[in-house]
There are 2 protein chains.
Amino acid sequence: MIETPDDTPSPSLSEADALPPSEQHAQQYAAVRNAHETELLEDYVELIGDLIAHQGEARSADIALRMGVSQATVSKMVGRLKSLGLVASKPYRSLFLTEEGEAMARMSRQRHAIVLQFLRALGVSDDTARIDAEGMEHHVSQETLDAMQRFTRLQSGEG
Amino acid sequence: MIETPDDTPSPSLSEADALPPSEQHAQQYAAVRNAHETELLEDYVELIGDLIAHQGEARSADIALRMGVSQATVSKMVGRLKSLGLVASKPYRSLFLTEEGEAMARMSRQRHAIVLQFLRALGVSDDTARIDAEGMEHHVSQETLDAMQRFTRLQSGEG
DNA sequence: CAATACAGTTAGCCTTTGCTAAGTTATTTA
DNA sequence: TAAATAACTTAGCAAAGGCTAACTGTATTG
Ligand SMILES: [Mn+2]
Ligand SMILES: [Mn+2]
Ligand SMILES: [Mn+2]
Ligand SMILES: [Mn+2]
């Protein structure tokens, strides 16, 4: 392993930040593309889990309504979720999460809650916090989640 | 205007949060889908602007390298940016931003910087902050940006 | 200045995520 | 219980965003 020649000058306040090294920059975008591959899956399983918990069952029509998409779109997505082993169902019947689906739903729900509570603790209004959390949650690393939780706890502790 | 019947119980700590009303829930997801439509465009114009500022010109090969994507993908995307009036170029030559492209780049760059500085102020390491900011930036409302700036200023002021 | 290397484009393919329209199954109700 | 309504599925379409392979144009350099 040879050290990459570092042509990044040390940070200065008077000029615009230099571009990061190409490989690091590429990794940033790759991480985003990566998040985009799983984010819809996460939202679906999280929603299915929430529907089961709050209304006793998860039906396609409810999902379509809450996601704001057509039932056909939900039907196709459910097919994908089944083929990925996250969801189980019989034709024309309501949906269930597999063990794997439950696990993903649990993680997603928790991460979502941390981000939402953090935004509220930051002083963002509830409506805005909900909207922003829905998108941000998929792009937040564990390290950032930890920092958010620290802040939220501090903030509520000081009340 | 009639007030929507509010079946959301007042928040309780002992039970899981209730689901938001369907229309509000749908709006959350719609906002995310919306952000996804412009997010790549924003990253491209921001990068093109940065390349012009830092290296004098923006070439497809550089973009491909920094985005971690094939040159063919860049070529196609540049076609889209041109058809949207954000970028101008002659075949086989380097890229320029239109007025509209400049405006989008300016906004994106500023928003990106606010999110990045905020994450650092929160205590997130530089590498992680860069990665998370690249994704989060597209899902952050003006209200949240304001809250982030307030926090960052406070934090640096107290140093 | 010819050969080579590098940069950019085009064609053709794939997956994801959306849609509408049309069909099928299940449930409700007259 | 037959008819009507609601729920679900399927087929077929489109746009976005990736890829590789093949081609074309530009720049370097022997
Ligand atoms: Mn979520
Ligand atoms: Mn989400
Ligand atoms: Mn950006
Ligand atoms: Mn970005």
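Note on naming: letters A, B, ... go to the chains in the order of the sequence lines (proteins, then strands), and numbering restarts at 1 for each one. Just the heavy atoms: all of them, side chains too, but no hydrogens, waters or symmetry mates, feed the values below. Note that the structure is predicted; figures quoted are calculated from it, not measured.
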Between [Y] and [X], do the side chains contain a donor N or O and an acceptor N or O under 3.5 Å apart?
{"X": "B:S94", "Y": "B:E57", "value": "yes"}
{"X": "A:D43", "Y": "A:H112", "value": "no"}
{"X": "A:T128", "Y": "B:E143", "value": "yes"}

Checklist entry - What side-chain hydrogen bond (donor to acceptor under 3.5 Å, both in side chains) pairs are there with at least one residue in residues 79-88 of chain B, not counting sequence neighbours? => result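 Counting only pairs at least two positions apart or across chains, the side-chain hydrogen bond (donor to acceptor under 3.5 Å, both in side chains) contacts touching residues 79-88 of chain B are B:K82-B:S89.
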Donor-acceptor pairs under 3.5 angstrom involving side-chain atoms of residues 48-56 of chain A: please list them, not counting sequence neighbours.
residue	atom	partner	partner atom	Å
A:D50	OD1	A:R109	NH1	2.9
A:H54	ND1	A:D50	O	2.9
A:H54	NE2	B:D17	O	2.8

Item to check | Contact summary for B:A26 and A:L65, nearest pair of heavy atoms | outcome: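 Heavy atoms of B:A26 and A:L65 come nearest at CB-O, 3.7 Å.
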Item to check | Non-hydrogen atoms of B:G101 and B:V45 that approach each other most closely | outcome: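 So the two residues come closest at O-CB, 4.2 Å.
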Checklist entry - Which of residues 53-71 of chain A have a heavy atom under 4.0 Å from DNA chain C? => result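 When residues 53-71 of chain A is checked for heavy atoms under 4.0 Å from DNA chain C, the hits, listed by number, are A:V69, A:S70.
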Checklist entry - Within a radius of less than 6.0 Å around CD of B:Q110, do more than 12 heavy atoms belonging to other residues, nucleotides or ligands occur? => result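 No, the 6.0 Å shell around CD holds no more than 12 heavy atoms from other groups.
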Item to check | Upstream residue (5' side of DNA chain D) when A:V74 and A:R33 are each assigned their closest nucleotide | outcome: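 Nearest-nucleotide comparison on DNA chain D picks A:V74.
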Item to check | B:R93 or A:L41, whichever maps to the more 5' nucleotide of DNA chain C | outcome: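 Here B:R93 is the residue nearer the 5' end.
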Next on the checklist: In this structure, would A:Y29 and B:I63 fall into the same cluster of hydrophobic residues linked by side-chain contacts under 4.5 Å?
Outcome noted: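 Yes, one cluster joins them.
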Checklist entry - What pairs with A:H36 under ring pair (Phe, Tyr, Trp, His ring centres under 6.0 Å), at least two apart in sequence or on another chain? => result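 In terms of ring pair (Phe, Tyr, Trp, His ring centres under 6.0 Å), with neighbours along the sequence ignored, A:H36 is linked to A:H139, B:H36.
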Checklist entry - Which nucleotide span of DNA chain D, 5' end to 3' end, has atoms closer than 4.0 Å to non-hydrogen atoms of chain B? => result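 Endpoints of the contacted stretch of DNA chain D: D:dA16 to D:dA27.
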Next on the checklist: Students should find this one: the first and last nucleotides of DNA chain C, 5' to 3', lying under 4.0 Å from a heavy atom of chain A. What are they?
Outcome noted: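 Using the under 4.0 Å cut-off, the span is C:dT16 to C:dT27.
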